[in-house]
Amino acid sequence: MAGTLTAEELEHFRTEGFLVKRGLLDRDRDLVPILDEYAGVLDRLATELQRDGAIRSTYAELPFADRVVAVFAEAGQDLTQHFDFSLPQGGTRPDTPLWVGPAVFALLRNPAILDAIESLIGPEIWSNPVQHVRLKVPEQLMPPDPETGRPRDVATPWHQDNGVVTEDADDTDMITVWLPLGDTDAANGCLMVKPRRHTEGLLPHCPGDSPMGQRRGGLGGLAIPQLHLHSQTTSLPMAAGDVLLMHRRTPHAAHRNTSDHLRWSFDLRYQPIGQPSGRSQFPGFVARSAADPAAELHDAQAWADSWYATRSAADRVTAARYNRWDREAPVCA
Ligand SMILES: O=C(O)CCC(=O)C(=O)O
Ligand SMILES: [Fe+2]
C-alpha cells in the first residue's frame with residue numbers, strides 16, 4: 001500500500017490538522033495523463049475562442065500552463081469552468097462547461113491517495129463531490145476587475161472546508177486532498193494553514209458580499225472574519241507530486257499569484273461511505289470498499305454520466321442551498 005501513512009504522519013495530522021505527503025504521486029504515471037487530457041480541452045477551447053474572435057491566436061505552440069495563461073489573459077476571462085469537474089454554486093445551465101474525463105476519474109481513484117485516506121478514515125471510502133481544478137493566472141496579466149478597477153484577486157480567503165458545505169455534514173469525517181500540478185510557492189499562490197486550529201470547532205464564515213467578507217470569487221466568496229485569524233500561519237510550498245491532506249476544520253487560504261506563471265491545482269475530498277456529503281445535489285461514488293468491493297465504481301463513463309445528469313437537472317441544482325451563512329449575521333455586518 002504505497003500511500004499508507006506512518007505512525008508519525010498520522011500523529012502529525014491528528015495534532016496539526018494537516019499533513020504534506022511529499023512525492024506521493026509520480027509525475028509521469030499520475031499527473032502526465034491529466035496534462036494530456038487537459039491539453040485537448042484547452043486546444044478545443046482555444047479553437048472555439050479564436051473562431052468567435054475572442055483571441056487572435058490559439059497559442060498552439062505553447063506548453064499547457066503557458067497556453068492557459070495566454071488564452072485566459074487575451075480573452076480577459078477566467079475560463080476555469082471549462083476544465084472543472086464540478087458545477088458552479090448556482091446559475092448552472094444545461095450547457096455549463098464541465099470536464100469529467102477519464103484521467104480525472106483515474107486521479108479520484110488513485111491508489112496512493114486512497115491508501116493515505118484509508119489510513120485516516122478506514123477502508124470504506126466515498127469520493128465526496130466537493131472537488132475542483134483551480135487554474136490561477138498571474139493577476140497582473142489579467143485585465144482589472146471591471147467593478148473595482150483593481151487587479152483581479154485570485155487569492156483564496158481563509159476558510160474551513162466544513163464551512164463551505166451544508167450543516168448536515170458537520171460530523172462527516174471529510175478529508176481534503178490538495179495537490180499542485182506545477183510547483184507552487186508564496187509568489188504564485190501556494191496554500192497556507194493555521195496549524196492546530198482544527199480542534200476549535202466550526203468558525204463563523206461571512207459571504208463575500210458582506211462588509212466582513214472579502215469580496216472574492218470561488219467558495220461562494222466565504223471568508224472567516226479577521227477576528228478569528230489570530231495564531232500562526234504556515235505557508236506550504238509544494239512540488240508537483242506532493243499531496244496535502246487536511247482536516248475539514250483546518251483554516252486555510254491561498255496566497256495571491258503575483259508571479260508570471262500559472263498556479264494550478266486539484267482539490268478532492270473523501271469521507272466514510274454513508275455519511276452526508278454536505279452537497280447532496282452533486283454525485284459522489286464508492287472509491288474503495290473492503291466490505292463490498294463490488295460497490296466500487298471503476299467505470300469512468302458512468303461517473304461522467306452522473307455529472308451530466310446533474311447538469312441536465314440544472315433547475316434543481318440552481319435552487320439548491322450550498323452553505324448556511326448569512327450576510328446579515330452580526331459577525332459579518
Ligand atoms: O486552491 C486554492 O486556492 C484553494 C483550495 C482550497 O480551499 C481547498 O482545497 O479546500
Ligand atoms: Fe478549502
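One is the number of the first residue; the rest follow in order along the sequence. Given the structure is predicted, the values throughout are model-derived calculations rather than measurements. One-based numbering, in listed order, for ligands and for the atoms of each.
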- Salt bridge Lys21-Asp115, side-chain N to carboxylate O under 4.0 Å: no

Contact atoms of ligand 1, heavy-atom distance to [X] under 4.0 Å:
X      : answer
Ala254 : 3 (O)
Lys136 : 2 (C), 3 (O)
Arg263 : 1 (O), 2 (C), 3 (O)
Trp178 : 1 (O), 2 (C), 5 (C), 9 (O)
Ser265 : 1 (O)

- Query: Taking side chain as C-beta onward, heavy atoms only, is Asp161 less than 4.5 Å from Val130?
  - Reply: no

- Note on the structure: Quick note, ring-ring contact (aromatic ring centres under 6.0 Å, His included) partners involving residues 106-157, not counting sequence neighbours, are none

- So, for Trp264 and Phe83, is the gap between ring centers shorter than 6.0 Å? no

- Message: Less than 4.0 Å is my threshold; does some heavy atom of Leu191 fall inside it relative to ligand 1?
- Response: yes

- Item | Sole residue of Thr172, Thr176, Asp173, Ile175 in side-chain contact (heavy atoms from CB on, under 4.5 Å) with Arg248 | Asp173

- Task: Scan residues 69-78 for pairs that pass side-chain hydrogen bond (donor to acceptor under 3.5 Å, both in side chains), counting only residues two or more places apart or in two chains.
- Result: Arg56-Glu74, Tyr59-Glu74, Asp78-Thr80

- From the Fe ion (ligand 2) out to just under 2.8 Å, does an N/O/S atom of Asp161 turn up? yes

- Message: Just to be sure I read this right, does ligand 1 sit under 4.0 Å from the backbone of Arg269, its side chain, both, or neither, counting only heavy atoms?
- Response: side chain

- Of His255, Arg248, His252, the one whose closest heavy atom lies nearest atom 6 (C) of ligand 1 is His252

- Counting N and O atoms only, with roles assigned by atom type, does the side chain of His247 sit under 3.5 Å from a partner on the main chain of Arg196, one being a donor and the other an acceptor? no

